[in-house]
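Note sheet for the following structure.
For ligands, and for the atoms within them, numbers begin at 1 and follow the listed sequence.
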Amino acid sequence: MTVTVYVPRDAAALSVGAEEVAQAVERAAAARGEEIRLVRNGSRGLLWLEPLVEIATPAGRIAYGPVAAEDVPGLFQADFLHAGAHALLLGPTEDIPYLKKQERLTFARVGLTDPISTADYEAHGGWRGLRNALALSGEEIVEAVVRSGLRGRGGAAFPAGIKWRTVLNAAGDIKYVVCNADEGDSGTFSDRMIMEGDPFLLIEGMTISALAVGATQGYVYLRSEYPDAERTFEAAIAAAQQAGYLGEDILGSGRTFQLELRRGAGAYICGEETAMLESLEGKRGMVRFKPPLPAIEGLFGKPTAINNVITFASVPIILDRGAKYYADFGMGRSRGTLPFQLAGNIKHGGLVEKAFGITLRELLYDYGGGSASGRPIRAVQVGGPLGAYLPESQFDTPLDYEAFAAIGGMVGHGGVVVFDDTVDMAHMARYAMEFCAIESCGKCTPCRIGSTRGVEVIDRVRHGERREANVELLRDLCDTMLNGSLCALGGMAPFPVLSALNHFPEDFGLPSTPKARAA
Ligand SMILES: Cc1cc2nc3c(=O)[nH]c(=O)nc-3n(C[C@H](O)[C@H](O)[C@H](O)COP(=O)(O)O)c2cc1C
Ligand code: SF4
């Protein structure tokens, strides 16, 4: 009997030798005359176990990992094709606690299927949301997304359905759907994992969005550093078109949606939606003034629905299982699930999809297993380079947009970057300001000039030059940037700086306070 072997094609797995492992498996099988079917799946998101090789058995999938190419002959000798015992045997994949405890809605298929097989996608529940959407009016689709409570997963958490309604009601001879796949936030990789592990999910979500708002053309703006995602996604577009799920006359409905991929310009600011539109139009990525909102005058001046990859990827399940099913996950106004990404100094880095409401501590210890160095975790940055640094006293905060805002933090795209007690938070504050100076688009003065002056002032504080006066100046500068910047790059760069100052004053040579000020 032919045994199916899964070796991921995900970039994280490839970076630790998955390609060599796949070749070694094929070679060893051929040499031994064993018939196998090799599937290059997405990653399960247990990154410390990559390359994670799985075998399909009558009792379910069995995992081995992390597998190196040199391990492959030994695995064959141990009869791993029939789940034989081996030092790398992890048991049934679905029983690995890291995976078992998750609530995978968006990532339900990632790692399970062949990412570029439309038939495999369909066999695992794909295209059902699209089929349902084809039977609905634009307003009915919008209404379902509004009722699901889905908020944008790219950072600002704006309700997706409300944005879509604006585009639907805007006048335009042509409308666009644009997916923001620039994924510039530190420690984030969920967009990439979807595009490499379940690209049809994004295609389906964008097509449903197009049906909702009346768009006929879509673009995916992809981070330039994601060549594997580009290859897989281009292959998925071609396969979806070939199978009639995309392009002209979708599933015989008479509806059209064309989708194209555009490679990003390699700048953090090009993830800001208006700078992204400029870049898509072939110009330098500069932030636009708002209004007009892109929903009314967006790409090439036409009504445009812009959402993050995970926002679009959350839509098919809403149209398939219903708005209530999705909204039943989560807490408060944060409905559904979020794929959190554990990165930095963490033992078990990877992807954890859970309903909103899980605490940071649970993510860091129950999933992450503590720091990779084995030292105490001292600070965590959630929500990308503009997110506050959170001290241990805030680790019990539930991951919820409002709860995080209340402590001066931000959930953002769900990236969690971990630092142990060797971190110098004054250095991290400088890093945050320097990042802003390097990435500033230059359009407004508080950010363009303020970030550069900010680096200088932090340096003076760190070197002990008139420390108290320079800290006051730094706070004043942060206030100007917070309130005077045109976009969130300059407007939020002060958050990591102020949080470092407030929670870790001793790193700046200041007296530590028993009760830190709010960020
Ligand atoms: C400096 C900056 C960088 C951003 N980078 C990204 C990004 O890489 N990906 C993303 O989806 N949103 C990014 N955003 C947010 C977008 O401007 C926009 O809010 C988002 O794409 C809208 O989609 P959503 O509502 O689905 O989140 C960024 C915003 C700023 C200010
Ligand atoms: S805040 Fe910075 S990135 Fe944003 S518009 Fe101003 S200069 Fe450009």
Side-chain angles (χ1 to χ4, degrees), residues 106 145 150-164 166-167 177-192 194-195 202 205-206 209 219-226 264-280 284-290 293-295 298 304-315 336 338 383-387 401 410-415 432-433 435-452 454 480-495:
T106 310
V145 175
L150 177 66
R151 291 163 73 178
R153 302 299 195 230
F158 187 81
I162 305 291
K163 188 187 287 183
W164 290 13
T166 308
V167 183
V177 171
V178 173
C179 174
N180 190 340
D182 202 49
E183 195 158 57
D185 282 359
S186 38
T188 61
F189 44 84
S190 60
D191 294 351
R192 180 186 61 69
I194 286 289
M195 294 185 69
L202 176 56
M206 288 186 73
S209 172
Y219 293 98
V220 174
Y221 186 85
L222 180 69
R223 180 182 172 91
S224 64
E225 296 92 334
Y226 283 174
Y268 184 68
I269 198 57
C270 286
E272 192 283 332
E273 58 184 11
T274 61
M276 177 184 69
L277 293 178
E278 290 286 295
S279 179
L280 266 176
R284 174 178 161 186
M286 292 278 276
V287 172
R288 292 181 184 171
F289 290 104
K290 281 194 243 179
L293 289 174
T304 306
I306 303 172
N307 282 112
N308 171 255
V309 172
I310 303 298
T311 316
F312 284 122
S314 304
V315 168
L338 189 68
L386 311 176
Y401 294 119
M410 136 168 119
V411 174
H413 190 46
M433 215 30 130
F435 178 81
C436 182
I438 292 169
E439 298 292 339
S440 170
C441 84
K443 185 147 178 164
C444 69
T445 315
C447 169
R448 185 183 68 246
I449 307 289
S451 53
T452 297
T480 304
M481 289 177 69
L482 270 167
N483 294 300
S485 297
L486 179 59
C487 87
L489 179 52
M492 292 178 67
F495 286 126

- Query: How far is atom 11 (O) of ligand 1 from its nearest protein heavy atom, and which residue and atom is that?
  - Reply: N308 ND2, 2.8 Å
- Note on the structure: Near K443 (heavy-atom distance under 4.0 Å), the atoms of ligand 2 are 7 (S), 8 (Fe)
- ligand 1 atoms in contact with I306 (distance to a heavy atom under 4.0 Å): 22 (C), 23 (O)
- A156, any N or O under 3.5 Å of ligand 1 N or O: no
- Query: Would you say L202 and C179 make side-chain contact, with heavy atoms under 4.5 Å?
  - Reply: yes
- Task: State, with a plain yes or no, whether a side-chain heavy atom of V220 is found less than 4.5 Å away from one of M195.
- Result: yes
- H413 side chain to R153 backbone, donor-acceptor under 3.5 Å: yes
- Task: Could you tell me which non-hydrogen atom of P385 sits nearest to which non-hydrogen atom of S186, and how far apart they are?
- Result: N-OG, 3.3 Å
- Task: Could you list which atoms of ligand 1 come closer than 4.0 Å to a heavy atom of G184?
- Result: 8 (O)
- ligand 2 atoms in contact with G442 (distance to a heavy atom under 4.0 Å): 7 (S), 8 (Fe)
- Message: Only heavy atoms of Y268, strictly under 4.0 Å: list the atoms of ligand 1 that pass.
- Response: 1 (C), 3 (C)
- With a cut-off of 4.0 Å, which atoms of ligand 2 are near a heavy atom of S485? 1 (S)
- Any idea which atoms of ligand 1 are less than 4.0 Å away from a heavy-atom of T311? 24 (P), 26 (O)
- Would you say Y401 and R151 make side-chain contact, with heavy atoms under 4.5 Å? yes
- Item | Closest approach of any protein heavy atom to atom 17 (O) of ligand 1, naming residue and atom | E273 N, 2.9 Å
- Item | Top protein contact for atom 29 (C) of ligand 1, by heavy-atom distance | E272 CA, 3.7 Å
- Note on the structure: Judged by heavy atoms only, the candidate from C487, G271, G490 nearest atom 14 (N) of ligand 1 is G271
- Message: Suppose we measure from atom 8 (Fe) of ligand 2 to each protein heavy atom; which comes out shortest, and what is that distance?
- Response: C441 SG, 2.4 Å
- Between R153 and ligand 1, find which residue part has any heavy-atom pair under 4.0 Å and reply side chain, backbone, both or neither. backbone
- Note on the structure: Rounded to the nearest 0.5 angstrom, the SG-CZ distance for C436 and R448 is 12.0 Å
- Message: Is it the case that the side chains of D185 and Y268 hold a donor-acceptor pair, with the cut-off being a distance below 3.5 Å and no angle test?
- Response: yes
- Test side chain to side chain contact (heavy atoms under 4.5 Å, CB included) applied to S190 and E183, step by step: CA-CA 8 Å; S190 60; E183 195 158 57; 3.8 Å; yes
- Query: Would a 4.5 Å heavy-atom cut-off, applied to side chains only, mark T274 and K290 as touching?
  - Reply: yes
- Task: Verify the distance test for C444 against atom 6 (Fe) of ligand 2: any N/O/S atom under 2.8 Å, yes or no.
- Result: yes
- Task: Kindly confirm whether atom 4 (Fe) of ligand 2 is within less than 2.8 Å of some N/O/S atom in C487?
- Result: yes
- Among all protein non-hydrogen atoms, which one is nearest to atom 27 (O) of ligand 1, and what is the separation to 0.1 Å? G154 N, 2.7 Å
- P294 side chain near L277 side chain, heavy-atom distance below 4.5 Å: yes
- Query: Just which atoms of ligand 2 are under 4.0 Å from any heavy atom in G490?
  - Reply: 1 (S)
- Side-chain heavy atoms of L386 within contact of F495, under 4.5 Å: no
- Item | Which residue and heavy atom of the protein sit nearest atom 2 (Fe) of ligand 2, plus the separation | C447 SG, 2.3 Å
- Query: Is any side-chain heavy atom of N180 closer than 4.5 Å to a side-chain heavy atom of M276?
  - Reply: yes
- Those atoms of ligand 2 less than 4.0 Å from some heavy atom in S440: 2 (Fe), 7 (S)
- Step-by-step side chain to side chain contact (heavy atoms under 4.5 Å, CB included) determination, R223 to D191: CA-CA 10 Å; R223 180 182 172 91; D191 294 351; over 6 Å; no
- What atoms of ligand 1 come closer than 4.0 angstrom to any heavy atom of K163? 22 (C), 23 (O), 25 (O)
- Query: Going by the order shown, which atoms of ligand 2 are within less than 4.0 Å of some heavy atom of L489?
  - Reply: 3 (S)
- Element-labelled atoms of ligand 1 that are located less than 4.0 Å from some non-hydrogen atom of D182: 8 (O)
- Item | Side-chain heavy-atom pair I194, F312 within 4.5 angstrom cut-off | no
- Which option, I269, N307, T188, N180, owns the non-hydrogen atom nearest atom 10 (C) of ligand 1? N180
- Just which atoms of ligand 1 are under 4.0 Å from any heavy atom in E183? 7 (C), 8 (O), 9 (N)
- If you measure from CD on E439 to CD on E272, what distance do you get to the nearest 0.5 Å? 13.5 Å
